[in-house]
Amino acid sequence: MGPALLLLLAALLGGAAAFRVGAFNARRLGGGKAAREDVRGALGRIIARCDIMVLQEVVDAKGQVVPLLLDTLDSTVGPGTYQALSSHPLGRGSYRERYVYFYRPGRAQLQDWFVYEDAHPQRPDVFAREPFVARFGLPSPALPELVLVPLHAAPAAAETEIDALHDVYERVQERWGQQDVLFLGDFNAGCGYVAASRWGRIRLRRDPPFHWLLGDDGDSTVRGSTRCPYDRVVVAGERSQSLVVPGSAGAFNFTACFGLTEEQALVVSDHYPVEVELALDRAWGGGWHPPLALLLLLGLGGALLGLP
Ligand SMILES: *[C@@H]1O[C@H](CO)[C@@H](O)[C@H](O)[C@H]1NC(C)=O
């Protein structure tokens with residue numbers, strides 16, 4: 001095959017414009033931890049896989065983590081490739097966590113954001129750490145905007161918090177009228193925190209607009225001794241759902257990918273990041289791209305005829 005055809009195949013199969021979104025519970029990530037060379041290196045590589053990545057469990061009263069990680073990304077990926085947006089520390093008592101978005105401004109334009117006002121008349125103060133909702137503009141006629149709703153649920157309240165994401169969805173509708181919404185993060189959605197029999201009561205699971213991309217048999221934990229689908233990605237909206245690259249949603253096993261021991265991986269986190277890819281270049285709704293298909297056929301024809 002000629003080099004042109006290889007490039008074309010790579011673009012078609014590799015999804016040159018595939019857009020990756022991820023969420024990662026970075027396990028009590030404070031300034032001291034983020035300053036460790038090994039932790040920074042791993043976090044930099046994990047973030048750099050994604051166009052938008054939301055870190056959870058950032059315990060950083062002084063705001064040291066974001067500058068450290070941006071510095072790492074500037075030197076490893078390129079200056080200014082990433083920007084960050086951090087919530088204020090969220091929580092009920094003195095223990096508080098931030099949600100922090102890292103995103104590529106060249107690929108995702110931050111438009112607006114808010115912390116969910118946790119004051120639903122029937123369900124006041126459900127969330128330990130209210131979702132930090134953000135809306136991004138994307139370089140795609142197929143999906144011009146996407147709203148992200150990250151959640152790090154408190155284990156003991158996982159069921160009610162996941163259910164209340166439905167209220168957050170309604171709030172997003174009232175505020176922006178945007179139906180393309182990705183819910184993501186450590187929902188503590190399994191292993192005793194949400195019993196299998198309870199799923200039918202959880203509106204985010206039961207109601208039609210929501211599609212769960214990671215199943216109950218998954219595992220987003222680093223420890224070999226545990227198998228729990230804590231971290232999830234849920235998509236709402238016909239457009240965003242139709243652009244999900246089949247098979248792309250899953251936990252990213254950085255132990256295996258970075259060649260770490262379990263002990264080394266646990267220094268970074270006890271969770272794996274969860275990710276999903278969206279085929280933003282797919283403007284025709286279906287799984288096929290007519291101009292690329294035509295080019296591919298021409299290229300194959302050329303290759304068969306022995307043209308360069
Ligand atoms: C991740 O990779 C490690 C090392 O290859 C393996 O032992 C472990 O089972 C994997 N974990 C998951 C959840 O896939």
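Remember, it's 1-based here, ligands and their atoms both numbered in the order they're listed. In what follows, every heavy atom counts, from backbone to side chain, and hydrogens, waters and symmetry copies are set aside. Counting from 1, the numbers follow the sequence of the chain as shown.
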### Task
Using a strict 4.0 Å threshold on nitrogen-to-oxygen distance, state whether D163 and R203 make a salt bridge.
yes

### Apart from L68 itself, residues in the same hydrophobic cluster as defined by side-chain heavy atoms under 4.5 Å
none

### Task
List, by chain and then residue number, the residues other than Y230 in its hydrophobic cluster (Ile/Leu/Val/Met/Phe/Trp/Tyr, side-chain heavy atoms under 4.5 Å); write none if there are no others.
Y193

Which N or O atoms of ligand 1 sit under 3.5 Å from a protein N or O, and how far apart is each pair?
from: ligand 1; atom 1: 2 (O); to: N253; atom 2: OD1; distance (Å): 3.1
from: ligand 1; atom 1: 2 (O); to: N253; atom 2: ND2; distance (Å): 2.3
from: ligand 1; atom 1: 11 (N); to: N253; atom 2: ND2; distance (Å): 3.0
from: ligand 1; atom 1: 14 (O); to: N253; atom 2: ND2; distance (Å): 3.2

## Note on the structure
Hits for disulfide bond (SG atoms under 2.5 Å apart) against C257, two or more places apart or cross-chain, chain-then-number order -> none

### Query
Looking at F254, does the NZ or CZ of R45 lie under 6.0 angstrom from its six-membered ring centre and within 45 degrees of the ring axis?
no

### Message
Cation-pi check for W212 against R232: NZ or CZ below 6.0 Å from the six-membered ring centre and within 45 degrees of the axis, yes or no?
### Response
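No, a cation-pi geometry is absent between R232 and W212.
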
